[in-house]
2 protein chains.
Amino acid sequence: MKFPSIPVLLFVFSTAASGFSQNAVQDSVMMKKLYTAALTEGKAYEWLDYLSNEIGGRLSGSIEAENAIKYTETELKELGLDKVWLQPVMVPKWTRGFKEYAYIESPTGEKSVTDICALGGSVPTPNLGIKAELVEVKGIDELATLGKEKIAGKIVFYNRPMQADLIQTFEAYGGCVDQRYSGAAEAAKFGAVGVIVRSMTLSQDDYPHTGAMSYGNIPVNQRIPAAAISTNGADYLSSLLKLQPNLLFYFKQNCKTFDDVQSYNVIGEITGSTKPNEYMVVGGHLDSWDLGDGAHDDGAGCVQSMEVLRLFKKVGYKPKHTIRVVLFMNEENGLRGGNKYAEEAKRKNEKHRFALESDAGGFTPRGFSLDCDESNFRKVKSWEPLFKPYLIHYFEKGYSGADIGPLKGNIDVLAGFLPDSQRYFDLHHAANDTFDAVNKRELELGAATMASLVYLFDTYGTN
Amino acid sequence: MKFPSIPVLLFVFSTAASGFSQNAVQDSVMMKKLYTAALTEGKAYEWLDYLSNEIGGRLSGSIEAENAIKYTETELKELGLDKVWLQPVMVPKWTRGFKEYAYIESPTGEKSVTDICALGGSVPTPNLGIKAELVEVKGIDELATLGKEKIAGKIVFYNRPMQADLIQTFEAYGGCVDQRYSGAAEAAKFGAVGVIVRSMTLSQDDYPHTGAMSYGNIPVNQRIPAAAISTNGADYLSSLLKLQPNLLFYFKQNCKTFDDVQSYNVIGEITGSTKPNEYMVVGGHLDSWDLGDGAHDDGAGCVQSMEVLRLFKKVGYKPKHTIRVVLFMNEENGLRGGNKYAEEAKRKNEKHRFALESDAGGFTPRGFSLDCDESNFRKVKSWEPLFKPYLIHYFEKGYSGADIGPLKGNIDVLAGFLPDSQRYFDLHHAANDTFDAVNKRELELGAATMASLVYLFDTYGTN
């Protein structure tokens, strides 16, 4: 494109002229300040560069997670917040160990190496690995139909793809992730010796995607190892199986679960000017998976949440309520940080009014998903015109976020920040979730959008 | 993020229940078919792969442009359209020649090489290049203040950055591009010997961005060479100039303008079932700059436009009007294709009802910019609920597209497809406008969104 000229959005003036209240004019002026500060002198991208490239993947219990706690605590202190502290929480410690190894072996003995990664929480294979025939299924439901005689002694290969025609990719993820989360537990009941799961992504590529899995109530000695294979790998394997149903699959993984270790949520706050004992939270999770550097999931959400408080100080906004940034530990494989924060809030009788989580990547902001009653939802909807100049159009009821979820029952409004979701699962939990996949402007626009919602709730309160 | 569950959008049913007309239900069913076909069995990405990676940058008059004409003509014929043809048009031929070379020379003679690229249409430097002192300005306005005595014999360095706090990046571009387009013509009037222009991008990086420039009515022997420098390069140069105002800048470029050459617009059509003599056009431009492979600008728009017709055939939709895909030649440095198409339409008295251009990159679709009267605009606004499930929210009056612009006066509605603009200028006219920067789903969603608007205008007509 050469010479476009989209008309300038003179929002402040046009809204004033079109009957907006004086408050709305003040609000739009404040929002303009927040967006301008984020886009012209933002810190989020620099913080994320450090978290991603200097620290790296931050799995709970790892040295990288510890480093991220120290780094973000130091950076929050540099902002001159009223209070910065670490909230102790015990977290699970699971390690991948030496890289996994897998190959496909044809009936005539030819081997073809394929890339896999252990699912988070999986048991290791025996020292010499596992070699067995495969049984391919599209989902857990098929196991009962096949029965023990067709499954026992084999590796179950879950190969249901994410549904590409769903517009919101989180829906497609939701429709597939049971294979990863419960696939091993269910297959073990039928005597399977392992499971290989198609990666949860809509992209056709070579990255295996890890993610949490659970054995439910399966006894320790009956747990079977579980790994992810890339979408290309899954398609290749499936096509080979059609030609050679009795081919063998070998895999070895060296993961290990240790005793729980001490870790922390990182918390900072600006004390409220008129309602210091009423709390509003903005946060993301500081832990990440270990394959990439966790830039989108959820480094982005952490630095955006830190940026909200920095922006308030930068533009000189003094909130009425106490505004807290919380960097939760252990969202990926335990949710211990989210549970601990809510538990402590309850124990200390801290009245929480509003919480906002950013945990869907640092992409162009589209809106918010709100978990609240009708009256609060109507309040948010009345703010839609304020967001329109920033191309934020989506305000719907729905899911908020994993880490703030445990606050439910002790809070008026839970909100999930919704960036554009199209690219998220391309890199979710995989080695390509790295800093270079984050666009600076998209990240900054997200931070300003979050700051705007916190500002509005702080100014007008919750119902 | 781990376990989100955004509620499924049951649009067809919910709209039926909420008082939508039967037509709206039929429309939403058709749109669902279009989106599903684009996302699950689309061709746009495969076509773009070929255009980008097998053919490459397609500057008007180049062999690559010729190859792209042949390729797209062949592919359109394979779709079984009612008619596919080439519309002859003479185009300018400008070549970059051997790669440019530039360095900064300190007063003590130390040289530091810096990357530049000739602006499209620039004259070359003399064979031995140009070496001169620089005068840095923020815009054309400053030239008159400085006057001939401060500019004559020097290289003018235009260094006004794009404005980062504008949300729509096209606005920021519009606020800067005069430096590139007219900077050389204006500086020549004050006796400058060359111009170096800060690249038109919001990204801080090492890519010089080319683009069209014009000498206006400056006589040939007074034309001075013009080149772009990257944003990092511009900042470095500017900081050096503060320390050493009399440093020298050397550059050599080997570009050349040839006589016009024969080229073509590529056109295909599905003949209308009831209004075959009324035309609706969907298009992009087939030419591109030469530094990258023109994947976003505007390979994306071409393959999306081809996909619109393919989708109609795929889902069995038989349009009432004649629907044309037009792949325009020479948008970047002449607009000869767009002018020729409009001229021929007028000459043949072809009644054009609607035209849609995609020329803002293959990113997540956000909406449309409409150049039409109030009654047609109201019609489009009435379709907003149909687009909402696809997260398409932006329908505003504004600029449509360069290639379809010349149809104005002989058409009811001109529309510009608007994808998310945040990443566009990171790669616009630069070496990083390559296929790997295009996301398959984002491209496909764009094609389906375009097909939906064409479908609605075909079904309900223009006013």
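Below, all heavy atoms of this structure are taken into account, side chains as well, without hydrogens, waters or symmetry copies.
Between chain A and the residues B/R366, B/M200, B/E444, the largest count of heavy-atom pairs under 4.5 Å involves B/R366. The most heavy-atom pairs under 4.5 Å with chain B, out of A/E442, A/E396, A/H296, A/R423, come from A/R423.
Residues B/Q168 and A/L391 are in side-chain contact: their nearest non-hydrogen atoms beyond the backbone lie under 4.5 Å apart. In this structure, B/I167 and A/Y35 have side chains that are in contact, with non-hydrogen atoms separated by less than 4.5 Å. Using a 4.5 Å heavy-atom threshold, the side chains of B/Q163 and A/T40 count as separate.
Contacts between B/D426 and chain A at a heavy-atom distance below 4.5 Å involve the side chain alone, from C-beta outward.
Side-chain contact check for A/D420 and B/T364: at least one donor-acceptor pair (N or O, by modelled atom type) lies under 3.5 Å.
In this pair, A/H393 and B/H393 present their aromatic rings parallel. The plane angle is below 30°, not in the 30 to 60° band.
A donor-acceptor contact shorter than 3.5 Å is absent between the side chain of A/R441 and the backbone of B/S203.
Qualifying ring pair (Phe, Tyr, Trp, His ring centres under 6.0 Å) partners for A/Y45, counting only residues two or more places apart in sequence or in other chains: A/F435.
Residue-environment remark: NZ (A/K381) exceeds the threshold of 12 foreign heavy atoms within 6.0 Å. Within 6.0 Å of the CZ atom in B/F363, the count of heavy atoms belonging to other residues, nucleotides or ligands exceeds 12.
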